[in-house]
Every structure is written in structure tokens, then in C-alpha cells.
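Counting from 1, the numbers follow the sequence of the chain as shown.
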Amino acid sequence: MTDTKNLRQAALDYHEFPKPGKLEIRATKPLANGRDLARAYSPGVAEACLEIKADPSTAARYTSRGNLVAVVSNGTAVLGLGNIGAMASKPVMEGKAVLFKKFASIDCFDIEVDETDPEKLADIVCALEPSFGAINLEDIKAPDCFTVERICRERMNIPVFHDDQHGTAIVVGAAVKNALHVSGKSFEDIKIVSTGGGAAGIACLNMLLKLGVKRKNVWLCDIHGLVYEGREVDMNPSKSEFAQTSDLRTLEDVIPGADLFLGLSGPGVLTPEMVKQMTDRPIIFALANPTPEILPDLAREVAPDAIIATGRSDFPNQVNNVLCFPFIFRGALDVGATTINDEMELACIDGIAELARATTSAEAAAAYQGEQLTFGADYLIPKPFDPRLVSVVSSAVAQAAMETGVATRPIEDLDAYRQKLDGSVFKSALLMRPVFQAARTTPRRIVFAEGEDERVLRCAQAMLEETTERPILIGRPEVIETRLARAGLTIRLGKDVDLVNPENDPRYRDYWETYHELMARRGGTPDIARAIMRTNTTAIGAVMVHREEADSLICGTFGEFSWHLNYLTQILGRDDLRPVGALSMMILEDGPLFVADTQVHLHPDPEQIAEIAIGAARHVRRFGIEPRIAFCSQSQFGNRGDGTGGRLRAAIRLLDSQGHDFCYEGEMNIDTALDPELRARILPGNRMPDGAANVLVFAHADAASGVRNILKMKGGGLEVGPILMGMGNRAHIVSPSITARGLLNMSAIAGTPVAHYG
């Protein structure tokens, strides 16, 4: 009782604080002065109005309509709550809008309409067409929902999608497709028994027919028993489509020999005795919420090999509409679809099903820690937080819309479109594209010092799927094999990746002798060399790079930066290779900002600061960005003699004497670096006249590291790096907080031949 009370209060607090509700409206354009006001409203707004009047399709260019969905409900069939009315349904509809934004970057207004007459409700929805690019009908009772959707689809020239019907049907279709794959059965042969004659149940059955199920093999039951020919109680045209010619009358009568039970009804409808009468390896979709038709544990007591899905998140295989609706709308909106047709829905099913059979993403694994996310009986469909859904499913939907002629704005380059979608969820994707392209020109061997780390293993899997690079893992094979299996990864040691076992490797003698040769006159003894080559994976990886058995080393998923740097310098440092600084790219909402030196030099001298700037300029250009470097300090253009200003000014003089082809200025405050108008007022005619600086160089590692961490933790910045400059791309030391995606980005940086960046 206490737990229920606490959960209720927590949910209410979530909706009330820090401000009521789950949505707000934000402007997408600046409105800071009279000039902005004149363009946003009168008189400038008239120009956009006239363009749309002349060509209505330009509304997608000049307004938010092309990315705007209305979630419309009258609150007559709210999931788990029933007919609670329009106003009481508003928290649900706000939640739906939040999901649109979170998972597919679609803007959304929730519209609750106090109208229960389906034809009048349809009139209201149709009148909204000028405002929205698509309509999501939600929580409208059956059979009214069929009437509303039919009228709206007939009269409107934008997608209208009743998610309770089609969204559920699509996710069920994908889950059933994979369940049949696991069980070795086919759509054409299975017998289906379904309970629930509402909108979702009928839509699911219709979808299964499109996937190949034979109508004669579908047995529909509701609260009154079997739907049969001649039945008059509680019938409608949608139910009548599934009426059987039979003397059987109850669920108990029709369940024997069923391959699939599809429940969208209520708790306890399916009993263990009924499950016993189903076929071997029965498929049970008990989707009633919050209590399913049968609890999975009860079903497995009589059918241990059953494949089970529910509508709940605390059991495997949750059938959740969020796997569908954000992504089918994303694809439909992006091509200006006039409707959502069968082909688009089937494409959505294929995309969801195929993604479940692929390797699980690191992001989904992080969001669902402790769950087994390997394709099989307990993992039929991907998790909603799998970031690949938007590119895989939305692009499939967009392609189907174009192929069926309902797209008014066809996409010419689907590959570029997929990359753009990836960029909407992977903030680094677009900026990293030129680096990945350069890395593909020459396959390189990347050795990972911490090869047993699950993030490294997921990175290695992604490298095999997305790049031409060859991962090398340092670690104990039995540990790596166990973690690969636990994570559901398909890497085969010795075939897909190379392995160095520090406990037992035939190259051990070669490695310790190499290390001893390098360290013999720096206090290193053979015993020390042997011990290090058994225990220190960073040193092992560096020796491999030195011996040209690998092209680049990535280390640092645990431990201190300086500890790793010491061994890299010992083994790989030479006259032309030495660490000059660490550069981090922070990807912010308005673009990237580079910060240096965050790690290598605590108090760099002027020569070192100049080297940091030169290295930063070179690496920034690898991302297709022209560097604008600001030397940052408390001092501003010589107004202070103490602090770091003197060293920065000396570094600038040194750069001036050398002559360089990149823009730099300083020393200055950070706000001066990022605000060109402020900079112009303080120092008119400065040599960075246009735009904000995109590289901040500091003369104290505490300042650089502090800015980097503030941007990451409070500014929502995503870090790519740190990039170790000066080592010829032969080694990089990441931070312990790095993700698998961050490691993949670093592998691309490490995988770029030196010729591509100087």
C-alpha cells in the first residue's frame, strides 16, 4: 500500500513540478530587437503568407506545419481508464506529444475535444488540416474510432493515423514475425485465437492477414464468446469480417491446436489449462494492461517453451506503440505523404523486425542494464530507446511512400536522408562524417588496451558493421567470450577481431624484449619488462604500435590520463612524436566548440601553447571546419600583467613570427571569444572579425578541463575526444566516462591516415 501511495505521489509530482504539465512552446528564431520583430511579425510575415497563398506546398518551407502533428482525442477509451472525458485525458495526450519529440524530433500539439459524436468529431479534425502535417487519433472508443478515421482519411490530404489500431497492429506484426522466425512456423500455416473485438484487436488481425495469415485460421472471441456467422449480440461490420461458420461457441472450445493466442481483452481470460491445449512452442501475446490475459510465469508452468509477449515493461517483449508511431510519422512527414498506406505500415513492420535481429545498440543496452538483449524468444522486438529505430524505420517508411506515389516531396538521396536521421539522435554523426569517410580510404588496425570492457566490445562490433578498420582486443579470451555472449554480440575471436592474451600469448617474449630494449637505459630491467608485458595492457598496445603490428592504440576507459600518457611517451615518443596537448570537441545545441589543452600540460609555456594551437587547427580541419582560435584568459588584450595573459601573448607573438594560415586572436575572456559584437566593441579591427571562436585554448589545464566538464555536465555537450595531439595519430587516451559510441568516434579518428590531416 505504501509503495502504491509513493508511486502515485511521485507521478503527480512529476506532472506538477517544476512547472505544471509536460510540454512548453519555444521559439526557433531570435526575437531580440526591432529588426527581428519586423521579420517575425508585421510587416515581414506578410511575405511568407503571400508565398503560401500562391503555392500552399511552401507551408512546409516557411512554417512548422511540415513537422507538426496533432494528437486528437475525446477521451472515450483511455488505456486502462476507459471513458474519462476529454479534459482528464490531457495528461495522456501530452505524454504522447513528448514521445513524438523525444524519439523522432516531431513537434506536437495535444488537442482534447469534448465531442462524442463521431461524425462531428471528424468534422472538427478535418477543419484542422491547414495547421498540421499529420493527425494522430488517440483513445477514441470503438466503433466510433473507425468512423472518425474513415471520414478523415477520405476528406483530408495529410496522414491520419489511429495509433490504437494501426500502431498496435504494426508492433504486433513485427513481434509475431520474429516469434514465427524463432519457432520455425509460418504465417500461412498458423491457427490464431484472439480475444478482444475492439479497435486494436481487429486492426491486429487485419494486419496479420496482410502478412499472410489465412482468414479461415483466425478465431475471434469477445466477452460473449466466439464470433460466428449468424451471431447478433454485440456485432458490427468489423467483427463480422471474422465470423466463423462453426458450432463452437467459447474460447475453451476453439483454443485446442492454436499456434498463436492474441489477447487484447482483460485479465485472466487465458488459463493454464487452455495453454496446455495449444501446439508445441505456443506463441502467447497477452497484451491486456495492466494485467495480462495470463501471467508469463503461469503460462510457462505448463508450456516451458512458450514464446510470450505482454504490454508490460516488467516482462520481456513489451508490445509498445512507441516502437512505431514516432518513426512512421517521421518518414511520412519528411516526404510530405498524403496518407499512411498498407505498404508504409508493412515497411515499418519489416524495419522493426529486422532491427531486433541485428546486434543490440550500446545505447539500448545502457538504457536497459541487466536485461538480456539478444534476439530470441525473450527479445522479439527492439527496445524503444534503440536510437537506430529512427533511421531504419523512418527511411523504410519514406521509401515505401515514394514507391507507392503518396509522397509529395520525394527524397532524392535516401542514404543522405538516413545519415541525417542518424544525426538527429547521434549528435556526433554529421560532424564525424568526414572523419569516417577519410578513415574508410585505408583500412587500419586499431588496438584497444581494455579489450574486456563491454563498451570496447560494442565499439568493436560497430566497427565491423560500419567501418573497414580491424579491431585488436587485449584481454583474456574466456572473459571476452563471456561478455560477448552476455551482450548478444556476434564477434568471433580470431576471425572478426585479433586477440592478445596478456596471460598467455606466443608473442610475449618478443614484446617484453622490445620494451626492455626501449627502456634499458632508462632504468628498465628484464624482470620489470616481463612483469609489465603481463599486466599493463596500455604498454602492450603501445609496443604493438611500435612494432607496427597495429596502427593506433586507444586506451583510458579506466585509470588516470597521466598514467596512460607516461607509457605512451616511453614507448612511442621520439623526436618527431611527442604529446603536445589534448583537444576535446564539445558538440552543443548550436554547433561544435573545441577546447584545449585539457590534459597534457598543466602550465604550458608559450612554445607549448603555440604547438597546442597549431595542432588544434590541424585536427579541427579534419572535421571539415575552418578553425577560429581564441586564446582565453582572465586578461583581455593586454589589460593585465599577471595570470596566464603574459604566456598567451608570448605564444601569439611566436605564431605571428612563424606565419600560419588559420585565424587566431587573444588573449581574451571567453564571452569575448564567443560574441563577435562584444569583441568588436572592445577591440575594433581585431583579426577575428566574423563569427564566434570555435576553438578555445587555455594556458592552464584546470581552466580548459573545467570548461570542458561544465559544457558536458550542464550545457548538454557531447564530447568527442580527447584527441591526443602530437603523436602522429598513433595513440589516443579517452576518458573513463566515454560511451561505446564515443569509442567508435575515436576509432574513426585513430583510423584516419596521417596524410589526411597533416
Side-chain angles (χ1 to χ4, degrees), residues 25-29 38-72 97 100-101 104-111 122-137 148-163 166 325-345 347-348 390-391 393-421 423-424:
I25 295 174
R26 293 189 179 187
T28 61
K29 301 294 192 301
R39 289 184 295 179
Y41 203 57
S42 181
V45 70
E47 301 302 328
C49 294
L50 293 173
E51 287 291 319
I52 296 169
K53 184 177 186 300
D55 180 2
S57 69
T58 60
R61 292 177 57 191
Y62 299 119
T63 75
S64 62
R65 182 176 184 267
N67 191 50
L68 192 60
V69 169
V71 175
V72 181
F100 268 113
K101 188 67 175 180
S105 298
I106 293 173
D107 295 318
C108 189
F109 285 123
D110 61 293
I111 299 177
D123 287 340
I124 294 169
V125 175
C126 290
L128 298 174
E129 183 167 353
S131 293
F132 297 97
I135 302 291
N136 185 117
L137 300 175
V148 176
E149 185 184 58
R150 175 182 55 78
I151 294 172
C152 291
R153 284 192 165 189
E154 289 172 355
R155 290 170 50 186
M156 301 180 80
N157 203 38
I158 58 175
V160 178
F161 187 83
H162 183 215
D163 185 46
H166 308 294
F325 69 81
F327 314 114
I328 198 167
F329 272 94
R330 178 76 279 156
L333 288 169
D334 288 341
V335 296
T338 56
T339 188
I340 293 175
N341 57 30
D342 288 349
E343 290 81 2
M344 294 162 72
E345 293 183 0
C348 191
V390 69
S391 65
V393 177
S394 300
S395 61
V397 170
Q399 184 172 359
M402 292 188 290
E403 291 174 350
T404 55
V406 299
T408 62
R409 297 190 301 275
I411 295 168
E412 294 183 3
D413 188 340
L414 271 173
D415 286 337
Y417 174 60
R418 291 186 190 97
Q419 291 175 348
K420 180 181 177 182
L421 291 172
S424 70

Side chains of [X] and [Y], heavy atoms from C-beta outward: is any pair under 4.5 Å?
X	Y	result
Q399	Y417	no
H162	I135	no
L333	V69	yes
E343	E403	no
E149	H166	yes
F132	I111	yes
I25	F109	yes

Could you give the distance from [atom1] ([X]) to [atom2] ([Y]), rounded to the nearest 0.5 Å?
X	Y	atom1	atom2	result
D55	R61	CG	CZ	8.5 Å
F329	F100	CZ	CZ	4.5 Å
K420	D334	NZ	CG	6.5 Å
C348	F325	SG	CZ	11.5 Å
T58	R65	OG1	CZ	10.5 Å

Determine the minimum heavy-atom distance between [X] and [Y], stating which atoms define it.
X	Y	result
G336	T408	O-OG1, 2.7 Å
M402	I411	SD-N, 3.1 Å
R330	A104	NH1-O, 2.9 Å
I340	E345	CG2-CG, 4.0 Å
S105	N67	O-ND2, 3.1 Å
A347	A396	CB-O, 3.6 Å

**Request:** Kindly write out the residues that satisfy side-chain hydrogen bond (donor to acceptor under 3.5 Å, both in side chains) with R418, not counting sequence neighbours, or none if the list is empty.
**Result:**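 Per chain and number, R418 pairs via side-chain hydrogen bond (donor to acceptor under 3.5 Å, both in side chains) with S395, D415.
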**Message:** Under a 3.5 Å cutoff, is there a donor and acceptor pairing between the side chains of T404 and N341?
**Reply:**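 There is such a pair between these side chains.
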**Request:** Can you spot which of I106, V390, L421 makes a side chain to side chain contact (heavy atoms under 4.5 Å, CB included) with F327?
**Result:**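 Output: one option passes, namely V390.
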Could you list the donor-acceptor pairs under 3.5 angstrom formed between side-chain atoms of residues 150-159 and any protein atom two or more places apart in sequence or on another chain?
| from | atom 1 | to | atom 2 | distance (Å) |
| --- | --- | --- | --- | --- |
| R153 | NE | V160 | O | 2.9 |
| R153 | NH2 | V160 | O | 3.1 |
| R155 | NH1 | D123 | OD1 | 2.7 |

